Structure formats: structure tokens, C-alpha cells
Amino acid sequence: MMARHLAQRVGQALLVLAATFTLAFLLLQALPGDAVLIKFLELGLTPDQLAEIRLAYGADAPLWRQYLHTAGGFLTGNFGTSIRAGVPVAQLLAENLPATLLLAALAFAAASLLALLLAGLATLGGQSWLRGLVRSVPSLFVAVPVFWLGIMLIQLFSFQLGWISIISPEPWEELALPVATIAVPISAPLAQVLIRNIDAVLAEPFVAVARAKGASHAWVLRWHVARNALLPTLTMAGVLFGELLGGAVVTEAVFGLNGLGGLTQQAVANQDVAVLQAIVVVSAAAFVLINLAVDLLYPVLDPRLARGRRAA
Amino acid sequence: MTAPLLEVEDLAIRYDDRRVVQDVAFRIAPGEVLALVGESGSGKTTTAMAVLGLLPPNGRIERGAVRLAGTDIAGWPERRLAALRGARMSLVPQDPVTSLNPVRTVGAQVAEVLRIHGERDERRIRARVIELLERVGLEPAALRASQYPHELSGGMRQRVLIAIAVALRPALIVADEPTSALDVTVQRRILDLLDELRRQDGTAVLLVTHDLGVAADRADRIVVLRDGRIQEAGPVRQVLGAPRSAYARQLLRDAPSLSTHRHRPASAGGDIAVRVHGLVQDFPGRDGVPFRAVDGVGFELRQGTTHALVGESGSGKTTTARCVAGFLRPTAGEVTVCGTDVAALRGEALRQFRRQVQLVYQNPYASLDPRQTVARSVEEPLLNFEPVPAAERRHRVEAMAERVGLPRDLLARQPRALSGGQRQRVAIARALILQPRVLVLDEAVSALDVTVQAQILALLEELQQSLGLSYLFVSHDLAVVRQIADTVTVMRAGRVEEAGPVEPVFHAPRSDYARELIDAIPGRTAPQILESVP
């Protein structure tokens, strides 16, 4: 039963990836103009010479053939060649992906911590004005545009306070502000969902029963609220990962970092189709993987979803 | 009276700036059972929770004392109260289904109360959990301990909660409607269990209940609350036998389980309005094996009479009713309503058929669209079936509101402004606006307080007589069935256990199951109590 469920979910994930690949391919092909034109026009080549170069890149073949060719390449790990840089796309990815993954992972960890902190402050006992204030923070965070936040953070911490140097920064200095820039807007919906869930769980009769057993507030939070409130948040976290990638593109541009974001920006400007195709598929793969992991984690955390156990 | 274990004195409780309980005072001796009886909003649960120090955040004790074994704990800080809870006084909650944490095993939740109060030795905890589960009749205990709440039935979950409540042999158990969410036979077994354990340990019980029958059977003394004030208090015999307050008298009159009168004269009825024969309904089950919810059920409902389908949860009574209303297509068998074969209807014909049969559901809070005004809810069927001008619609809605006893100024309101009884009147008005022949009442009065229940039952009775309606009355409450129905089908696990006119079935049930159901109706001791009063 479990094995079948697993196979089903993995199959669905592969289907999503294949569909993403196809859709991205079609959309990229439908763009007017192409990379060859952009790169070589400035060199003043004749139309005949352009056609020759296109032939060399295989850009003259019928669409279905190009599709099969590209798809075959992806399946064997060959992502094609960047027209702009003249190097294999795989090499570009290898150079840029790790930095972005690190940024994304750090940002996600920071967002989770921030969300937990906000939710904790908002639902613990204590002054009600403080709880009210903390509860209004997430809506503010959601409303802040990433690029603006990035610029503001640089203004404040680098220029005004001088805490973080911009010229030859330490590795942590280089990452601190970008991480904060991405983490803030992502933490907001997480915190909102978490606060709502904690409130809902605290109102559950089983919490009253726990208190009737003599449990303290901290005990109730640890043993009854935490897991029940985190469960729905997990789904949200999976979905937010998509936003994380989008946030990384803008943030890397604002902070001038190397990474997938910078690569995407250049590839779009130059219509470097092969690079874009690879970036779309890699992002989709990451997204699908995370959500697959969330789906498979659910039955482990929530016994009600575990299959194979039957009601007595 | 010996020194009281619990003494509540001059208690007043506030929610925000609304006073919900005042001048409440009572005493419970060690080992005694005191029932707090009242309708929803009477303050009975609030009073009980105040004893445990578990008022919601916006509630506070404004005045008065709660003395446990002589010590006033009303003003105690949370930390000190927590040390008492679970050890000296404990709670058996209302709804066993939502009262256990869904992601932790039953064993862990029983063990928790031991851990909170300082037990650290894992082996001893384990042994104690097994012992407790065995004591409440959950066997094999080792298996039960490893199961999650959703793997147990409601009755079994309530046993787990009772095990938690008795674990540290408290002096006082607060039982807040401990069985109102359970089937009647399960209710009886759970109350028996609670009785037995309390006798063994000499525990006092504060029993909160809306059911006078339960109070009559289980309590030594009764306190009747209304609007946060005590209406009447005293030994069971005195309160039931010679109530002094008008309100207690009314409660007694309205409680279906206590009423010994008002069995309606059996009505022969007219033509057959609904005929069900050999009804089978399968649902897709796990692993491709279909689940048979209804298995060969048959009955007849005659025009102008009431036929009741009774049974416990899972008996297939609601599924049968939904087949009659045309919401489910039977796997096999016939359903004929007013001469129409329901199973054969498709599309527009099925839609038109709904004019003949209308439904009133159990939960008046969920069955009305919260964003529609009352008038809009009532007129909606007209919009679907009869293109009448707005003025005519308005006229009909107003007439119908008057017919069901709904004040006209409520028509412009939204459901949330209405009480449970008023909402159920709206649901009845909506069902009747198309002038159907048959009304399917699915637990239509089960969620209502006894006095409101009595009013709605009287309304249904009166509407039946004046409009010649036929009712299919689905209920788990045999006492109510006895009041309103002419004929009855007792169902269990999808099959008919017994059927016939109400009086013979109730007085001389032939099947064991029907006898068990009837014996389980709370309040059976009431007639003896009443007779013993001079």
C-alpha cells in the first residue's frame, strides 16, 4: 500500500517535470528574435553568415526535432550550450547553482526562525498590546517589495551604521543582507499560518483536557500544540519555496551576487534559450522535490494519514 | 452532612463585561454525585470549569469561594491550581472525539498525567498505563496503548479519558456532559463505568448534564441552573418529585425521557406516501471491497403519519433517508414516493421530484447559509421551482414564517442573530414553502435544548395535522421517537431489527437489540422516584 502510494507520488512528480519542460520549451521557442541575432548582429554579419551560424547550432531543424533533441539531452544530463557564453549550460549551472542554493537554504532557515519567533511572541501569554503589535507585523512584511527592502537594508546597515562593509566583505557579510531580504517576506505568510494554527489548536478540547491534567502552558505548547500547528504550516512552506527562487533572482541582482539569479537575468536579456530552459527545469525540479518530500513527510508526522493502519 | 469535599459559595463569574453566573452555591460530600442541570447558556459548564480553574481567557471569577476540602482555591494562581488538576480533581470532557490529541498514542496521553505529576520511572509508568486501560475495560490494553485516537470508537475514547481522569485517584471528578456525544447504549455503559470506578475509589462527581434523565439515574442531588442562577436544588427525589420552581416543572414536562404521558394515538393514516422495499446501498470501501451501509431495508410511511427510523451511529438510518429523498441512487431495491419510483428518476424529473420531498437537518447552525438573510433562505426553493413575482414571493414567505411561529422582524436578519430553535423554524419554513407531501427530518431536534425541542415537536405535530404531511423521522433518541412517531423501524448495522407501531415495540420489544436500546434510555428510574413521593 505504502509502496504504491510512493510510486504514485513519484510518478506525478515526473509528470509535472515533463509538462514543465515542454511548456517552457514551447514558450521559449515562441519568443520573437533569438540569441544568435542578438549576439552576432552587433558584429555586422550578413544574413547568409547568420544562417550558417544557426545551422551550426541546429536552430534550423523542425520544431519537433529540436524538442526531441533537447529532451534527449536533458535525460542524459546534457543541457546544451549557452549561445552567449559559448560554454556548456551544465558548466554555468555548476558555477552558479551552489551559491544560490546556499542563499536559499539560509534564507529559508532564517524565515522559519523568524516565523517561529513571531508566532511564539504572538501566542504566548503576556501583555496583550505586545501580542497585538506582533500580530500586525506579518501583514507589514508581506507588503514590502523585495528590491526596496534590499536597498533599504544596504542603506541602513552599510551606509548609515557601517556594520556591514560593501567593499571586500567577509563571506557572512556578503550573505547577511541578501538572506534577510529574502527571509522577511517569506517569513510573513509562514508566521500568519502558524499563528492562526496555534490559536486554533489552543482552542481544541484536547488542550483543555491537557490543562485539566495539570499541564503548564509551556507543556501544552510543547506536547500538544507544536506538532498539530506545524502540520498545516508544512504545506505552506513547500509552496513558499517557489517564491524563494523568485526572491533570489531579484535579490542577487540588487546585491550584485553571482548565482542563479544573475545567470537568469543575463539569459533573459540575451534570450539565451538553452540556459533559460535549464534554469526553468532545475527550478521546477527543486520545487517538485520539496513538495514531494512534504507529501511523504505528512504520514510520518500525522498518524491519521498513515495508510495501512485501520480503525479498530 | 459530613464535611463537604467541595463547597461553592456565592459564586459570580464574568465573561468580559457580561455576568454569566451569579449567586451560585452548592456542596458536594466525599463520594457524592451532584448533577448541575440546565440548558445551553445556563452557566452549568462555566460553573464546572470555574471549579477546575479552567475558565477561558476572557472569563474570571468575580466573587465567591470555591473551597476544596476546606481551602478556598478561587483566587489561586495558575501554577498552584495546575498542581491540583489531574491529581486532586480531574475532568471527563464532553466530546471524546476532539478531546484526545490526534497525533499522540492513547498510551502516551494516559501516561502524560502521571508524568506531569512527577512520575519519572518509565517502567512504572508503562505498567500503570496498562493497568488503567484494563480498569476502564480497554483490552487488549497493550495494543490499545499503542493505538492512536482515530483508531478507536467514540465510546472507547471516552474510556481512555476516564482512565486519565481516575489515574491519580482524585477526590473530585468534574464530568462535563460526558456522554452527550455518544449513542444511547454506549452512554449507558460509560455512565455505568464511571459509577463503578467512583464507588470503588470513593470519588465525588460533579456531573454537568442537560439531560434530566441522566441526572435522575446517576445523581444523589440536583442543582437546576438557568441564566446563571440556581432555580432549584435538592435531593433527586425532591427536585423531580415535587419541584417548587416553575422552571424545574417546565424542564420536567419537556424532558422526553421522563415524560410518561403524551403518547399520541396511533394514526392509521391514508394512502401509502413512501414505500421502501429491499433497499440496499453500497459505498466504495477500502481495497475495492464495497461497504454495505443498508442491507435489505423495507418499510411503509402512510399519508399523514410519522414513521421513525431509529438506531445508533452506523446503523444506516441516514443513508436510508437520503435514498428516500433522492440524494442517493440505491444499489438495489425500490423506493416509491407518492407513487413515483425514485430510483428511476434522472435529470429534470429528479429535480422536480424534490418538490415532493424536503429535508430538515440536524444542525440548524450549519444548514443555513450564514450570508443569506432568513427571508432569502426561505424563498430560495421558490426561486428554483416557481417563477412567481417578487411581491407574491414575499407574501408567501411572510405567511410561512407566521405559520412556523417565526417573528416577522427576524426575516431580514442573518442566521447568526437567531437562536437554535429559531433557526430550526427557518429550516422547517424553507422545507415547507414548496408545499411538499413528505418531510424527511434527519435528527431535526437532536441538537436542541429540551424546552426548545418540545416546542419544535409541537410545531411539527400541529403542521402535520393541518397540512396532512407525512414525516420520515430519523433519530437516535428513542424517547423523542416515542413522542412523535406512529410507526418505527429499529435499525442496526444496515438491517432491520424490529418494526411496527410504536407502542408495542416500546412496551414489548421482541428483538434483544430493541430491548437493549429501550433499556438504555436514561431516566428509567424516574417513574419509581416519582411514585415514591407521597
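All values below were derived from every heavy atom in this structure, side-chain atoms included, with hydrogens, water molecules and symmetry-related copies excluded. Keep in mind the model is a prediction, meaning the values are calculated, not measured. Order of the sequence lines sets the chain letters (A, B, ...), proteins ahead of strands, with each chain counted from 1.
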- Which portion of Leu168(B) sits near chain A, non-hydrogen atoms under 4.5 angstrom: neither
- Residue from Val201(A), Val207(A), Asn228(A) scoring the most non-hydrogen pairs under 4.5 Å with chain B is Asn228(A)
- Task: Under 4.5 Å heavy-atom distance to chain A, tell me which part of Pro102(B) shows up: side chain, backbone, both or neither.
- Result: both
- Query: Among Leu91(B), Leu81(B), Asn101(B), Val92(B), which residue forms the greatest number of heavy-atom pairs with chain A at distances under 4.5 Å?
  - Reply: Asn101(B)
- Query: Going by an N to O cut-off under 4.0 Å, is there a salt bridge joining Arg128(B) and Glu119(B)?
  - Reply: no
- Task: Please look at Met89(B) and chain A and tell me whether the side chain, the backbone, both or neither of the residue comes under 4.5 angstrom of a heavy atom of that chain.
- Result: backbone
- Message: Does this structure show an ion pair linking Glu122(B) with Arg115(B), if we count only N-O contacts that are shorter than 4.0 Å?
- Response: yes
- Task: Count the heavy-atom pairs under 4.5 Å between each of Leu52(B), Leu100(B), Asp95(B) and chain A, then report the option with the highest count.
- Result: Leu100(B)
- Task: Please look at Glu78(B) and chain A and tell me whether the side chain, the backbone, both or neither of the residue comes under 4.5 angstrom of a heavy atom of that chain.
- Result: side chain
- Just wondering, are more than 12 heavy atoms of other shown residues or ligands nearer than 6.0 Å to CH2 in Trp76(B)? yes
- Message: Any donor-acceptor pair under 3.5 Å linking the side-chain atoms of Thr179(B) with those of Gln158(B)?
- Response: no
- What residue, out of Pro205(A), Ala210(A), Ala203(A), has the most heavy-atom pairs lying under 4.5 Å from chain B? Pro205(A)
- When you check the side-chain N and O atoms of Ser99(B) and Gln94(B), is any donor under 3.5 Å from an acceptor? no
- Per-residue tally against chain A (heavy atom, under 4.5 Å) across Leu143(B), Thr98(B), Val113(B) peaks at Thr98(B)
- Task: Name the orientation class of the two ring planes belonging to Phe21(A) and Phe74(A) (parallel below 30°, tilted from 30 to 60°, perpendicular beyond 60°).
- Result: perpendicular
- Are more than 12 heavy atoms from other residues, nucleotides or ligands located less than 6.0 Å from atom CZ of Arg227(A)? yes
